[in-house]
**Q** 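For reference, the structure I am asking about is given below.
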Amino acid sequence: VTYKWLSYTLGVHVNQAKQMLYDYVERKRKENSGAQLHVTYLVAGNLLQNGHVCHKVAVVREDKLEAMKSKLSTIASVHVYSIQKALLKDSSPLYNTDYDIVKTNLQHCSKFSAIRCAAAVPRTPPDAPRAPASAQSPQRQRDAGAAGVVNGHGPPAAKPPPQQHKGIMGMFAAKAASKPQDTHKEAKAEAKEAPGVSAASSKPPTKNNIMNNFFGKAAMNKLKVNSVPEQPKEEKEVVKPSVAVAEPESSPNTVAEKPGKKTESARIQQKDKKSKTKRADRSDDEEERDPENVKKKRKRIKQLQSDSSDEEDVPPSPTPEEERAPSPPPVPALKTELEPASTEGSAGGRKRKRKRVLKSKMFIDEEEGCMGKTG
Amino acid sequence: MFSEQAAPTAQGLLAPPSAEPPTFPRVPVSGYSDCSQPFQLGERSFSRQYAHIYAVRLAGMRPGLERRARSRWGSDIALRKLSELQAGEKCCVVGTLFKAMQLQPSILQEISEEHNLVPQPPLPKYIQPSDELILEDELQRIKLEGAIDVQRLVTGTILAVYGSEQDDGRFLVEDHCFADLPPPLPWNGPSSDRFVLLASGLGLGSVSGEALLSTQLLVDVVTGQLGAEGEQSCAAHIARVILAGNLLSQNTQSRDTINKAKYLTKKTQAASVEAVKMLDEILLQLCTSVPVDVMPGEFDPTNYTLPQQPLHRCMLPLASAYATLRLVTNPYQANLDGVRFLGTSGQNISDIFKYSSMDDYLEILEWTLLAGHISPTAPDTLGCYPFYKSDPFILTECPHVYFCGNAPHFQSKLLQGKEGQRVLLVTVPDFSATQTACLVNLRDLTCQPITFSGFGADSED
């Protein structure tokens with residue numbers, strides 16, 4: 001039992017933990033209960049070494065305590081470091097205990113310390129890449145006032161990432177509810193059509209087959225960054241009504257998520273070559289089909305993309321939030337279009353066929369992918 | 001300095017639990033500015049030759065050296081270029097030094113097939129009595145002899161020699177001088193006690209774990225968990241922690257993936273991955289409580305050539321969430337509360353150690369300051385980026401604290417210059433070997449080592 005372990009476990013200040021340990025030792029010793037306690041102390045002070053006055057901090061066993069104290073010319077502090085039943089051979093159990101307890105509490109490691117630092121404010125993720133770009137971190141370090149600014153800046157920018165994650169859940173809930181494929185396909189069709197063709201998604205089913213070609217085309221056309229915000233805007237308009245059909249409450253999440261996702265798939269297109277975009281396309285489709293693996297895959301891609309394209313992502317992602325307001329007016333207009341599209345009970349057979357086609361393609365791609373990896 | 005202030009309440013914690021214990025706020029750093037922009041490389045192109053760096057170095061240091069030469073040997077001495085030398089005339093020449101060493105590892109000799117040589121094993125020192133000094137300027141070179149210490153000097157130093165050319169084509173040196181201390185910076189130091197902790201060579205990822213408890217103790221002292229109340233309040237005056245390189249140990253450098261077959265090493269991770277994870281956790285604990293500057297070192301995952309670029313923040317995901325973490329270059333220059341810090345992770349000093357007869361790291365540190373250049377051996381025996389516009393290692397202003405990391409022992413010295421410069425020279429010891437770090441007091445430029453120890457299997461003496 002070290003003082004740090006006690007402090008974290010009981011949630012008390014470290015000094016109180018040290019005092020508690022001392023008190024316990026005193027009481028147990030007075031009782032003379034027979035169970036022998038071995039105590040280690042922390043001693044700190046000045047020591048003359050090699051001609052310098054050196055400040056030494058040492059963990060010592062009880063029997064060596066007096067010897068160490070006499071060696072030090074001035075004693076700065078003495079307190080109980082730990083108590084154990086058995087005699088310790090070396091200090092590794094102490095270190096291990098401390099290491100374990102700190103590891104489980106990494107986020108609050110300074111909560112019970114005696115020093116508070118006003119400048120140690122965690123940066124929110126979108127701020128982190130912004131900091132090197134703007135080189136403002138020395139200022140942010142400085143005072144709590146600036147920290148307030150940081151926090152104010154942080155939450156709006158931080159909204160898209162959590163919403164994207166929420167959006168994943170929302171998306172899968174939507175999938176469980178009704179036709180996500182349609183929304184997905186429609187959104188995809190929108191994404192693909194947006195740069196080149198008009199935004200009207202009149203024939204989403206047929207678009208699916210053209211999607212792959214379009215991915216290739218889009219990759220070669222090199223979508224520009226400013227076209228991407230347009231994509232989310234338009235996708236959102238499409239997605240919003242379609243999701244509204246499925247699940248109204250999760251719409252804002254999916255809206256924010258889909259633009260995020262689409263920006264990523266757009267990124268994927270921009271950055272990867274044609275074959276790779278096909279794989280990404282497939283993986284997006286796979287994500288639809290298989291929630292479990294998909295979630296992981298999506299997160300991975302998302303993380304890759306978010307790391308590399310955070311700066312680019314951040315400007316587009318706030319725009320979807322603002323543009324949420326203008327989206328409701330176009331919603332009714334598009335809704336009528338999508339109503340026939342979404343009520344594809346008649347096209348169920350075609351859907352199934354499409355599923356089959358896509359699935360087989362998925363297998364091919366998986367094989368390709370596997371072979372690609374081992375090759 | 002810690003101890004005197006802390007002594008009164010030393011035994012305070014040997015008591016039953018008291019009321020709410022005090023927490024001390026960390027002293028805020030009011031005047032921090034990073035001055036290491038010259039060491040940050042933007043776009044890097046290695047298509048240039050290294051000769052340019054010598055040319056700009058000479059051009060940059062020539063005016064200062066000419067001034068020094070005039071002030072030392074009289075303002076009427078003749079300053080000549082090598083091409084203008086006349087036999088027998090006493091004059092002063094400014095140029096770059098080149099030391100021809102027999103034992104210097106040469107890549108050309110190694111790969112030369114006609115010699116059939118095995119590559120030379122690394123030696124601690126490459127000096128030999130048969131080494132020669134040659135002075136080069138922009139166009140010519142000339143052999144030096146005379147009152148000049150061949151063993152002590154290293155290649156790449158810019159100096160001014162005073163003497164005359166002999167008939168056999170050598171230059172007889174009567175006296176020489178270096179650029180000497182650069183002009184001083186104004187002193188705006190803090191009026192109250194403020195400390196900066198310098199540590200280097202944490203050596204994480206090494207096979208032995210004895211230093212781990214000491215590292216944990218260091219973190220605990222700085223974050224205020226260790227020590228009685230007096231010590232904790234003193235620790236609250238630590239304004240900054242600078243980790244000067246070698247955060248990972250040499251053991252993480254093994255590159256099995258190159259030597260072994262791919263099927264053996266496919267599933268193995270580089271040892272540095274685990275070490276970086278440990279580093280991240282330690283830095284997280286530190287960052288929640290104190291601003292930290294992390295400099296890369298010889299064994300850290302960054303580029304090999306000087307100036308080493310900062311570690312990438314994606315390697316430290318937990319710690320880089322905090323604004324108190326600053327990943328900086330090696331060498332590093334910054335203004336802290338009006339005090340100018342300049343330091344390296346020790347590669348420049350240990351390189352000079354190998355090629356010079358100077359044995360003391362502090363002596364070498366002082367010598368680089370007097371020579372006006374952080375790392376004169378840079379392109380020759382130490383990897384360096386091919387600069388061509390300007391040499392960022394030339395010392396243009398005199399820092400207040402000049403440190404080097406990964407030295408074998410702790411040493412410090414306060415140097416006073418002729419023009420009023422006051423420099424604190426500190427050699428920061430390797431923590432994994434000595435469990436010692438340094439505390440620099442910014443108010444009066446003093447330095448105190450701080451040692452940590454646990455207890456091992458053998459009894460303490």
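Treat the numbers as computed from the prediction; the structure is a model and nothing was measured. So that the names make sense, note that chain A is the first sequence line, chain B the second, and so on, each numbered from 1.
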**Q** Is there a side-chain contact (heavy atoms from CB on, under 4.5 Å) between A/Lys4 and B/Gln216 once you walk through the steps?
**A** CA-CA 11 Å; A/Lys4 207 193 283 189; B/Gln216 192 59 51; 2.9 Å; yes
**Q** Roughly how far apart are B/Thr436 OG1 and A/His55 NE2, rounded to 0.5 Å?
**A** 12.5 Å
**Q** Hey, mind stepping through B/Asp220 and A/Val57 against side-chain contact (heavy atoms from CB on, under 4.5 Å) and telling me if it holds?
**A** CA-CA 11 Å; B/Asp220 286 343; A/Val57 178; over 6 Å; no
**Q** Please name all residues satisfying ring pair (Phe, Tyr, Trp, His ring centres under 6.0 Å) with A/Tyr3, sequence neighbours left out, ordered by chain then number.
**A** A/His79, A/Tyr81
